[in-house]
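The analysis underlying the following values was restricted to heavy atoms, covering all of them including side chains, and did not include hydrogens, waters or symmetry mates. Every chain is numbered from 1 and lettered A, B, ... according to where its sequence line falls, protein lines coming before strand lines.
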2 protein chains.
Amino acid sequence: MKLIQLAKELNLSISTVSKALRDSHEISASTKKKVLAKARELNYEANPFASSLRKQKSKTIAVVIPEIDNNFFCLVIKGIESIAQEKGYHVLIYLTHEEIKKEIAITNLLQNGRVDGILISISNQTVNTTHLEELKQKNIPLVFFDRVADDIDSPKITTDDYSGGFCATEHLIERGCKRIAFISISPSLSISKRRMNGYLDSMKKNGLETDSSMIIQCSNDEEHNNQLIRELLSSTNRPDGVFASVEKDAISSYKICEELKLKIPEEIKIISFSNLRTAALLNPSMTTITQPAYEIGSAATSILFKIIEKKPIHLTLDKTIFKSELIVRNSTQ
Amino acid sequence: MKLIQLAKELNLSISTVSKALRDSHEISASTKKKVLAKARELNYEANPFASSLRKQKSKTIAVVIPEIDNNFFCLVIKGIESIAQEKGYHVLIYLTHEEIKKEIAITNLLQNGRVDGILISISNQTVNTTHLEELKQKNIPLVFFDRVADDIDSPKITTDDYSGGFCATEHLIERGCKRIAFISISPSLSISKRRMNGYLDSMKKNGLETDSSMIIQCSNDEEHNNQLIRELLSSTNRPDGVFASVEKDAISSYKICEELKLKIPEEIKIISFSNLRTAALLNPSMTTITQPAYEIGSAATSILFKIIEKKPIHLTLDKTIFKSELIVRNSTQ
DNA sequence: CTGAAAGCGCTTACAG
DNA sequence: CTGAAAGCGCTTACAG
């Protein structure tokens, strides 16, 4: 079903039909009515590529994330989709699998008009950010969420990661922990640094020692990470508290504790940043710092649309920092 | 960066440059080399809408699913993405939120060339399938997975749902359950019927009674579903076994048992279709029938590409049925 | 208020 | 082997 066919059916020119469909003020109400009716009857839908080519707009946004089998990112996508659907926009999904190489390949694909804007949470290998700078230079609207690139001047939606790191550590200390192991995401991520700084400051404030043996820097090799956690938890001076930056590592820690027959929370307490729906049902239920993932997704998307629509952005929106919530459960009892 | 600019830089016509970029046999090796080098240098990427309009191909597929905050669908997407990335395809995501109205709106958007193919798992409200039939009539490649529309002649990737339903029930009966409550997804879904038939046949085979009070037909109103489960579990002749078709309802059941102080598995046993990564860590760990979600996603996508590329499809692939796995844990001990 | 025509940026059949 | 030209299906500035 093309415009020309629709026009023939109506005995009108394609110009008139096209204008009627976009509700142009040049067209009479009666013509509009006839055109709309016919279009609906024949289920006419404009060819998206012809429209996009002509209008230089894609009606599409891209979401670039490191992984998808993770409740945080799933909920973020849900939030993104809710706003995009409202705006009649399409959503492309790209996974970097935590590889900078893939992230660059993806951003290259997005350089030439395929999308009107990009929402991105960078990979844990992303240190050099020239590929992101290039998007900026091409004036492609760009909004970061959660894992942001500090050196790029674009809106950033995050949670209060320093304070999350600090409060989680304070909580463990209040519950009697003295040797607290911090399991980091990649240390190069600023989100990871902020969480770790919160942890370090809380430890220092309470006069507790931290040494490198208590900080695990995770890589992308899951098995290797588990081995590091296993070694730490089975060492003679093992920690009495584990603070995981991502739920994946908390789950690993639970499994390794079971393996080593370490009792949570009696022998070791566990806390984690997590959006697990089952946190309350775990054995024992897990204390979490939970981010408002859905809200992060929808807020980032709203800001992206402000840029796309060239609306003014309040400076306060430009660096939106959501609060995360400490939910105390039995793993730190 | 447009083709015309690239051509000027190279002192060649745009035809030649275009052909060189697509490795046409009409172009000399030396010219190709020069063109490729320059294109890389200037980071040239063809305008996707111009290409798509001209070639009548979008290099994009759509994934239409009822929800995303669910481990099954997350893993499916991961499987889909792996194949799409390999093929250089883009992936659009659409959520129906279990609403037939949204499903129809989405399929209408996909009628006019926006995608080269569609992967869909239908909403639980989808009984009438004319909107899917229309896609077929427009020759848009279509592959169903998990929640399939039986009456549409398209490839369908599923798991052995009847046998999953049967084995789960047999397992509960072996463990001593006599009154087993089946929590269904929407009854209109064929996947739901198959699971329920497996349940019913196992009950009958073992001479156990089933009455309608033991079968909960879930709606899209989460709170209402929970209320139904709560009423059932607090009734005087409550079940001694719960078989949930989706993990969401199993999680609700766990929570309600806690609320009612019903001990799992002593007073009530629970089994569920589920891809929860934390199933083994729940209190108690949950017995699951687990579907190979990632494989379902990648298999469905491979078949979709066979259709897109007009390769012959073996009849055996057309109705691929994966095996799901019964993983016995403590909730049915 | 309606319509003819140009043009978005590519690709490809055809001419040379 | 290279290039001029048509055309994919729209939208919109312009003419009438």
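In this structure, NZ of A:K55 is placed 16 Å from P of C:dG9, rounded to the nearest angstrom. In this structure, CZ of B:R114 is placed 16 Å from C1' of D:dC8, rounded to the nearest angstrom. If you measure from atom CD of B:E26 to atom P of D:dT2, you get 10 Å, rounded to the nearest angstrom. Put simply, NZ on A:K59 is 23 Å from P on C:dC8, counting in whole angstrom units. Whole-Å rounding puts the A:R22 CZ to D:dA13 C1' distance at 16 Å. With rounding to whole Å, A:L53 atom CG is found 17 Å from D:dG7 atom P. Whole-Å rounding puts the B:D23 CG to C:dT12 C1' distance at 15 Å. Rounded to an integer number of Å, the gap from NZ of B:K8 to C1' of D:dG3 is 15 Å.
Scored by the side chain to side chain contact (heavy atoms under 4.5 Å, CB included) test, B:K101 finds no partners at all (sequence neighbours excluded). B:Y94 meets the ring-ring contact (aromatic ring centres under 6.0 Å, His included) test with A:H90; sequence neighbours excluded. Among residues two or more places apart in sequence or in another chain, the ring-ring contact (aromatic ring centres under 6.0 Å, His included) test is passed with B:F322 by none. Listed by chain and residue number, nothing satisfies the ring-ring contact (aromatic ring centres under 6.0 Å, His included) test with B:Y294 (two or more places apart in sequence, or in another chain). Applying the side chain to side chain contact (heavy atoms under 4.5 Å, CB included) criterion to B:Q125, with sequence neighbours excluded, gives B:E99, B:I100, B:S123, B:N220.
The ring pair (Phe, Tyr, Trp, His ring centres under 6.0 Å) pairs that include a residue from residues 118-157 of chain B number zero, where partners must be two or more places apart or lie in different chains. Residue pairs that meet the side-chain hydrogen bond (donor to acceptor under 3.5 Å, both in side chains) test with at least one member in residues 36-51 of chain B, sequence neighbours left out, are A:E134-B:N43. For residues 6-15 of chain A, the set of pairs meeting the side-chain hydrogen bond (donor to acceptor under 3.5 Å, both in side chains) definition, not counting sequence neighbours, comprises A:S13-A:T16.
With rounding to the nearest 0.5 Å, the separation of CG in A:L119 from CG in A:L92 is 11.5 Å. In this structure, the separation between CG on A:L189 and CZ on A:R147 is 5.0 Å, given to the nearest 0.5 Å.
Residue B:Q56 has a polar side-chain atom (N or O) positioned under 4.0 Å from OP1 or OP2 of D:dG9. OP1 or OP2 of D:dT2 has at least one side-chain nitrogen or oxygen of B:S28 nearer than 4.0 Å.
Using a 4.0 Å cut-off on heavy atoms, none of the residues of residues 37-49 of chain A approach DNA chain C. Of the residues in residues 12-19 of chain B, those placing a heavy atom less than 4.0 Å from an atom of DNA chain C are B:S15, B:S18, B:K19, in numerical order.
Position along DNA chain D of the nearest nucleotide to B:N112 versus B:H25 favours B:H25 as the more 5'-ward residue.
Heavy atoms of B:T31 sit under 4.0 angstrom from primed sugar atoms or phosphate atoms, though from no base atom.
The side chain of B:A50 has C:dC10 as its nearest neighbour among C:dC8, C:dT12, C:dC10. Side-chain atoms of B:I27 lie closest to D:dT2 of the nucleotides D:dT12, D:dT2, C:dG9.
Paired regions of DNA chain D, where each region holds three or more successive Watson-Crick or G-U pairs whose two hydrogen-bonding distances fall under 3.5 Å, are C:1-3 with D:14-16, C:5-12 with D:5-12, C:14-16 with D:1-3.
A donor-acceptor pair under 3.5 Å links the side-chain atoms of A:E98 to the main chain of A:N124, judged by distance alone.
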Per-pair distances, 0.1 Å, donor-acceptor, side chain in residues 26-36 of chain B, under 3.5 Å, sequence neighbours excluded:
from  : atom 1 : to    : atom 2 : distance (Å)
B:S28 : OG     : B:S30 : OG     : 3.4
B:S28 : OG     : B:T31 : N      : 3.3
B:S28 : OG     : B:T31 : OG1    : 2.8
B:K32 : NZ     : B:D23 : OD1    : 2.9
B:K32 : NZ     : B:S24 : O      : 3.0

